[in-house]
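Reading through the structure tokens given below for one structure.
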Amino acid sequence: MFNSMSGDARVRVFARASSWIEGAAVRQLEQLLARRGVIAVAGMPDLHPGHKGPVGCAVLTDGVVHPDIVGTDIGCGMTAWRLDGELRRLRLDKAERALGRLGDRGGLDVDAAVARGVPPDVAAAHAEALGTVGGGNHFVELQTVHQLVDAAACAAEGLAVGDLTLLVHSGSRGLGPAVLARHPYDHGEGLALNTGGRAYLADHDVAVAFAALNRAVLAERAAALLGLDGAPWCDVPHNHVTLEGDRVLHRKGAAQADLGLVPVPGSRGAMTYLVRPDPRVAGALASLAHGAGRKRDRASMRGRRDKERERPNPVGNRVICADRRLAEEEAPEAYKPIADVVADLEAHGLARTVAVLKPVVTFKTARA
DNA sequence: ATGTTC
């Protein structure tokens, strides 16, 4: 762990000295200190520069909400499901065709959304988004348990090598941006809890629940298409705000560490590490990395079609992505090695690996 | 990230 370049003790970055983190991201992290009410900032090992601010961080304030730290995709996170199936009995071509149909259907109808807890006004505007993956780094992935690292923990979870699981990474789709737009704020000042902050948080909480429901519907549909029974296992947001008294904890691309097991995925061509977080590490703000983190921005990845075609996915999973530009932007080479990021987490005691999950079929989009 | 983007 190191303090920021300015040496300000309020900023901590949880990476080993040997781990490369883009300077621009650390500068974005330091700039957060100028915002009203900021007490502490924690950078995770997947820290990288974002469009307006750093991705892979947690920010604690006293009584002030900064909606733009969380950004547009309020509630984005990871949901894992256990499936009642084994890799050795899976017919890969059939599974690939099945997951390819994830894009066929629209979302829930309004009544179904309301029945699952979505407020009627929100359902009227956004129900059809429920069960859609979205773009960017979002995906639905069929995985298999590849390696048991903590044998006792795996036994407690009933995990065996070859078991099938689902991982869903998605968010609140159009609802998050709509919530952000409804709550204007000054960039540096943010919203004090009692002058707009709580009103934002009320809408934010709806978006967080909506995002979790979106992931649940996606997992249900994926399991049904695969013809397998399944059950929810983990659901952990990494783009949201939690409140303790007047302390406001923002997470932007940082998984919440006090909700049990967390899947930490690599790129679409890399393993996922299932980890047990420790939320008590000083300065880490009960957070951990939400994935591998980009090492190259999207723009610089475009137009690399030929290189991409030459290089099969490193772990051999099939990827359903009809959108070539998206495939380029999300190429495995755009991301840091996930094993290094997890080693950073372990070096600082932020998490311990329970198991390694291997991608089998990754669904991103069926639309060109 | 986003019913995006001139």
Side-chain angles (χ1 to χ4, degrees), chain A residues 25 28 44 46-57 59 66-79 103 105-110 113 118 121-140 168-185 187 200 203-204 206-215 218 236-241 250-255 265 267-268 289-294 296-303 321-331 334-335 363-368:
Chain A
Q28 286 184 333
M44 300 296 122
D46 57 340
L47 182 72
H48 59 279
H51 185 58
K52 297 188 87 174
V55 180
C57 64
V59 182
H66 291 281
D68 57 336
I69 291 179
V70 172
T72 54
D73 197 3
I74 300 166
C76 186
M78 301 284 172
T79 289
R105 287 176 56 187
L108 296 185
D109 61 42
V110 176
V118 179
D121 57 327
V122 173
H126 297 281
E128 66 182 30
L130 288 165
T132 62
V133 177
N137 54 2
H138 291 172
F139 61 82
V140 173
V168 177
H169 177 198
S170 191
S172 53
R173 310 289 285 111
L175 177 56
V179 168
L180 197 61
R182 266 204 301 278
H183 296 273
Y185 53 89
H187 172 77
Y200 163 80
D203 282 348
H204 157 283
V206 171
V208 169
F210 185 93
L213 176 58
N214 182 36
R215 292 189 290 273
L218 281 164
V236 184
H238 55 232
N239 259 4
H240 63 306
V241 177
H250 309 68
R251 292 184 179 87
K252 172 65 170 180
S267 68
R268 63 168 164 80
H290 77 314
R294 296 193 78 90
R296 302 192 51 175
D297 64 30
R298 292 187 164 96
S300 73
M301 292 304 296
R302 288 175 205 145
C321 186
D323 181 337
R324 284 186 151 181
R325 179 157 142 163
L326 180 60
E328 289 167 7
E329 291 174 349
E330 295 298 315
Y335 286 84
F363 175 85
K364 288 192 68 67
T365 182
R367 293 191 318 166

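Quick note on labels: first sequence line is chain A, next is B, and so on, each numbered from 1.
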Determine whether the aromatic ring centres of residues His250(A) and His204(A) are separated by less than 6.0 angstrom.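 Between His204(A) and His250(A), the centre distance exceeds or equals 6.0 Å.
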Tell me the interatomic distance from [X], atom [atom1], to [N], atom [atom2], rounded to whole angstroms.
{"X": "Arg251(A)", "N": "dA1(B)", "atom1": "CZ", "atom2": "P", "result": "19 Å"}
{"X": "Asp323(A)", "N": "dT2(B)", "atom1": "CG", "atom2": "C1'", "result": "15 Å"}
{"X": "His138(A)", "N": "dA1(B)", "atom1": "NE2", "atom2": "P", "result": "5 Å"}
{"X": "Phe139(A)", "N": "dA1(B)", "atom1": "CZ", "atom2": "P", "result": "11 Å"}
{"X": "Lys364(A)", "N": "dA1(B)", "atom1": "NZ", "atom2": "C1'", "result": "12 Å"}
{"X": "His290(A)", "N": "dA1(B)", "atom1": "NE2", "atom2": "P", "result": "7 Å"}
{"X": "His240(A)", "N": "dA1(B)", "atom1": "NE2", "atom2": "P", "result": "17 Å"}
{"X": "Ile74(A)", "N": "dA1(B)", "atom1": "CD1", "atom2": "C1'", "result": "11 Å"}

Which residues pass the salt bridge (charged side-chain N to carboxylate O under 4.0 Å, His left out) test with [X], sequence neighbours left out?
{"X": "Arg296(A)", "answer": "none"}
{"X": "Arg251(A)", "answer": "none"}
{"X": "Asp68(A)", "answer": "Arg35(A)"}

The criterion is side-chain hydrogen bond (donor to acceptor under 3.5 Å, both in side chains); which residues satisfy it with His290(A), sequence neighbours excluded?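 With sequence neighbours excluded, His290(A) shows a side-chain hydrogen bond (donor to acceptor under 3.5 Å, both in side chains) to Asp46(A), given in chain and number order.
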Suppose we screen for side-chain hydrogen bond (donor to acceptor under 3.5 Å, both in side chains). Which residues come up paired with Arg173(A), at least two apart in sequence or across chains?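 Listed in chain order: Thr132(A).
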When we call it a touch if two heavy atoms are under 4.0 Å apart, what does [X] touch: a base, just sugar-phosphate, or nothing?
{"X": "His51(A)", "result": "nothing"}
{"X": "Gly136(A)", "result": "sugar-phosphate"}
{"X": "Gly135(A)", "result": "sugar-phosphate"}

For a quick check under 3.5 Å, do Ser170(A) and Asn214(A) share a side-chain donor-acceptor pair by atom type?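 Looking only at side-chain atoms, Asn214(A) and Ser170(A) do form a donor-acceptor pair, the distance falling under 3.5 Å.
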Enumerate all atom pairs, one protein N or O and one N or O from nucleotides 3-5 of chain B, separated by less than 3.5 Å.
from   : atom 1 : to        : atom 2 : distance (Å)
dG3(B) : OP2    : Arg173(A) : NH1    : 3.0
dG3(B) : OP2    : Arg173(A) : NH2    : 3.3
dG3(B) : O6     : Glu128(A) : OE2    : 2.2
dG3(B) : N1     : Glu128(A) : OE2    : 3.4

